[in-house]
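Read through the structure below, which is laid out as structure tokens, and then see the notes.
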Amino acid sequence: MDETKPLKVVESSHVSPPPGSVPTTSLPLTFFDLPWFPLPNVQRLFFYEFPYPTLHFMETILPLLKQSLSLTLQQFFPFAANVVCPPSPGKPYIRYEDGGSSVAFTVVESPSDFRCAIADYPRDVKSLRPFAPELRTALSEAKDGTQVVLLPALAFQVTVFPNAGVCIGSSYCHVIGDGKAFMHFMKSWVDVYAAVGLEKSSLPLFNKDVIKDPIRVESFLLKMYHDWLSSLRENSGLTDVGSEVNMVRATFVLSRADVERLKQLVASQCKNEANSNQFHHVSTFVVTCALTWASLIKSRACVVNNLSYVDDADELYYFLFPFDCRNRLEFPVPSTYFGNCLKPGIVEMKKKELTGENGIVLAAKAIGSKVKEMGQSGISGAENWLPSIVERSKTGRLISLAGSPKLRVYDTNFGWGKPRKVEVMHVESGQTISMAECRDEEGGIEVGVALNKNQMDEFVAIFGQSLKLL
Ligand SMILES: CC(C)(COP(=O)(O)OP(=O)(O)OC[C@H]1O[C@@H](n2cnc3c(N)ncnc32)[C@H](O)[C@@H]1OP(=O)(O)O)[C@@H](O)C(=O)NCCC(=O)NCCSC(=O)CC(=O)O
């Protein structure tokens, strides 16, 4: 059932803004953009029901899809550009060239089962890979003869499952922008496709000067960038998202009622505390992260402790989540700001707390406090953001979060219905979980998880049991 059958390439092309519509332009990168160089590209798959033959898609949908993409790229030109990576001591930057920059756009046909592709149940992590486009790093020669690495910003692959569905697979370079910037672009594409047009007030803002760097974090991050570039040249390739054998991925859906019950559980425990008058941040996001993180560590403990007895109850586990800083800093950054504007929130808890009876409540309190604290701290301590992630990820006990219910990925409706399923590929590393709003119920939430088969069995049982006991 998980077997993926070979694809047939139907069309291979490139889409760029209309010729002459965007002048050749360079944009600098900020200290929010630089940390993303070593990280994998973001691959997001949007699956739609489309019960028509491939020819129907090619004749009635594809021309307008490409034309509207071209017009949208005119407003979001960095997504048609490259990140230029010069050797030390050069600084990387974004470069768009009129007549030279474009987005790879491929159409393929798949004989695979669409229902299997959009399923929630655990499936081999490899089963979705054929639907995600690759972004290929290139080498180019600068005017002075030095070789520079070029990272393309974005690529699309549309997969048609004849008489069943289509998948718009995207791959973008995180250095260009974060999830908010990417979803701003996707929703604008939908509006242009539907001939709604783009409001001037909702156009992206490319002014990188809005990001202030009073403590010069950039200089430290540039050093890290040059180290990364050297290793890239030595290994002649980008870091791959490695994944173990026997890894499966699955989606877990929490209904609005599940979320409400979780919130009540946490709120009632907080009320019983001595400092009950203290405000606790008990949002949908917080309780969902708490349930998932606690279930993950419990399931890992079940699998590991079956194999050997290890006294690691005091060992620290880490949960990393991104915090969108737009409109939340010492200086104004508008919500339409294009680029990266995320800071990391890291929560740490002892294994015995997370896996204990009260693990979900303790995790919710820890994550909620961190969200609250981050809302007040602006960019202070920015020089420690990256080192603290690197240090903790070395332990193998760091789980990070991709996506957010606020990105509203299911609003990406081109006119043939909202997506049946949206998936984030790099969940498959097993170190990252994904989160999105629930497709079918306002207030519900979806979580994407990948684990080895044994741990997934435990996780399914623990996660389900926790919800039942609420
Ligand atoms: C730090 C946070 C995760 C914390 O989220 P919380 O929901 O706990 O807290 P909050 O202050 O934002 O919201 C609290 C309450 O206010 C309401 N609320 C506030 N703003 C809202 C909005 N824009 N839309 C809907 N609801 C909103 C909610 O009802 C919520 O309660 P309730 O929910 O209970 O009703 C978030 O603020 C945030 O920054 N999210 C964005 C993260 C992001 O951009 N991730 C993508 C990373 S890029 C990436 O990973 C790559 C990619 O994805 O492409």
Side-chain angles (χ1 to χ4, degrees), residues 32-33 35-36 39-46 79 132 153-154 169-187 241 254 256-264 266-267 279-290 292-293 319-329 333 335-347 363-377 389 399-412 422-427 429 431-438 441-448:
F32 279 112
D33 303 316
W36 295 100
L39 287 138
N41 297 314
V42 183
Q43 296 177 309
R44 192 176 260 112
L45 310 180
F46 299 83
F79 269 132
L154 175 67
S170 60
S171 183
Y172 75 89
C173 173
H174 214 314
V175 177
I176 294 279
D178 54 21
K180 184 150 186 186
F182 176 70
M183 286 310 299
H184 186 186
F185 162 76
M186 286 300 288
K187 285 177 197 162
V241 187
L254 275 84
R256 185 200 186 105
D258 291 332
V259 170
E260 285 311 317
R261 287 202 304 274
L262 269 171
K263 282 182 178 174
Q264 275 163 21
V266 177
F279 167 73
H280 285 281
H281 181 96
V282 189
S283 64
T284 304
F285 168 84
V286 165
V287 295
T288 309
C289 290
T292 311
W293 187 31
F319 184 72
L320 166 67
F321 64 90
F323 180 102
D324 179 16
C325 294
R326 291 171 180 85
N327 294 317
R328 288 160 143 182
L329 293 178
V333 183
S335 55
T336 51
Y337 171 74
F338 185 95
N340 287 284
C341 199
L342 297 168
K343 64 175 175 174
I346 305 180
V347 177
K365 285 206 258 178
I367 298 169
S369 303
K370 182 56 81 175
V371 172
K372 215 175 139 193
E373 178 195 313
M374 291 173 82
Q376 291 151 5
S377 57
I389 298 174
I399 299 285
S400 61
L401 176 74
S404 160
K406 295 211 173 102
L407 296 182
R408 304 285 309 180
V409 290
Y410 284 100
D411 289 349
T412 319
V422 180
E423 296 269 12
V424 177
M425 290 299 289
H426 62 278
V427 160
S429 71
Q431 311 303 315
T432 304
I433 59 168
S434 68
M435 205 179 269
E437 79 281 10
C438 174
E441 189 186 21
E442 198 58 46
I445 206 146
E446 274 186 21
V447 183

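Numbering of ligands and ligand atoms starts at 1, following listing order.
- No salt bridge links K180 with D178; every basic N to acidic carboxylate O contact stays at or beyond 4.0 Å.
- Note that SG of C289 and CE of M435 are 3.5 Å apart. Values are rounded to the nearest 0.5 Å.
- Within a 4.0 Å radius of atom 48 (S) of ligand 1, the protein has at least one heavy atom.
- Against a heavy-atom cut-off of under 4.0 Å, V42 is close to the following atoms of ligand 1: 54 (O).
- Near S283, the atoms of ligand 1 lying under 4.0 angstrom from a non-hydrogen atom of the residue are 6 (P), 7 (O), 8 (O), 31 (O), 34 (O).
- For S170 (side chain) and R44 (main-chain N/O), a donor-acceptor pair under 3.5 Å exists by modelled atom type.
- With atom 21 (C) of ligand 1 as the reference point, the heavy atom nearest to it among Q43, E260, K406 is part of K406.
- The two residues A402 and T432 make their nearest non-hydrogen contact at CB-CG2, 3.8 Å.
- When every heavy atom of F32 is checked against every heavy atom of N340, the shortest pair comes out as CB-O, 3.0 Å.
- In this structure, R256 contributes its side chain and E441 its backbone to no donor-acceptor pair below 3.5 Å.
- Heavy-atom separations between F182 and ligand 1 are all 4.0 Å or longer.
- Ranked by closest heavy atom to atom 9 (O) of ligand 1, the top entry among H174, K343, H281, M183 is H281.
- Residue-ligand proximity, S404 to ligand 1, at heavy-atom distances under 4.0 Å covers atoms 40 (N), 41 (C), 42 (C), 43 (C), 45 (N).
- Atom 32 (P) of ligand 1 has T284 OG1, 3.4 Å as its closest protein atom, hydrogens excluded (heavy atom only).
- In terms of heavy-atom proximity, M374 sits nearest to K343 at O-NZ, 2.8 Å.
- Among all non-hydrogen protein atoms, the one lying nearest atom 34 (O) of ligand 1 is K263 NZ, 2.6 Å.
- In this structure, atom 41 (C) of ligand 1 has protein heavy atoms in its sub-4.0 angstrom surroundings.
- Outside the 6.0 Å centre-distance limit, the rings of Y172 and F185 are not counted as a close aromatic pair.
- Listed by number with element, the atoms of ligand 1 under 4.0 angstrom from any heavy atom of R328 are 11 (O), 12 (O), 37 (O), 38 (C), 39 (O).
- The shortest heavy-atom contact between K370 and G345 is CG-CA, 4.3 Å.
- Across A436 and I445, no two heavy atoms sit closer than the pair O-CG1, 3.3 Å.
- Considering CG of L154 and CD1 of I176, their distance stands at 9.0 Å, rounded to 0.5 Å.
- Of all protein heavy atoms, the one closest to atom 39 (O) of ligand 1 is D324 N, 2.8 Å.
- Considering backbone and side-chain N/O atoms, K180 never comes within less than 3.5 Å of an N/O atom of ligand 1.
- The two residues E437 and V409 have their closest heavy-atom pair at OE2-N, 3.1 Å.
- For atom 16 (O) of ligand 1, no protein non-hydrogen atom is found at a distance below 4.0 Å.
- What sits closest to atom 52 (C) of ligand 1 on the protein, heavy atoms only, is R44 NH2, 3.2 Å.
- Ring planes of H174 and W36: parallel class, angle under 30° (limits at 30 and 60°).
- Of the polar atoms of L401, none of the N or O atoms is found under 3.5 Å from an N or O of ligand 1, judged by distance alone.
- Within ligand 1, the atoms closer than 4.0 Å to a non-hydrogen atom of Y172 are 51 (C), 52 (C), 54 (O), numbered from 1 in the order shown.
- Per-residue contacts place L407 under 4.0 angstrom from the following atoms of ligand 1 (heavy atoms of the residue considered): 53 (O).
- Here is the list of ligand 1 atoms found below 4.0 Å of a heavy atom in G179: 48 (S), 52 (C), 54 (O).
- Between the choices N340, L342, V371, the shortest heavy-atom distance to atom 4 (C) of ligand 1 belongs to V371.
- Protein heavy atom at the shortest distance from atom 1 (C) of ligand 1 is F323 CD1, 3.4 Å.
- Atom 50 (O) of ligand 1 has G403 N, 3.0 Å as its closest protein atom, hydrogens excluded (heavy atom only).
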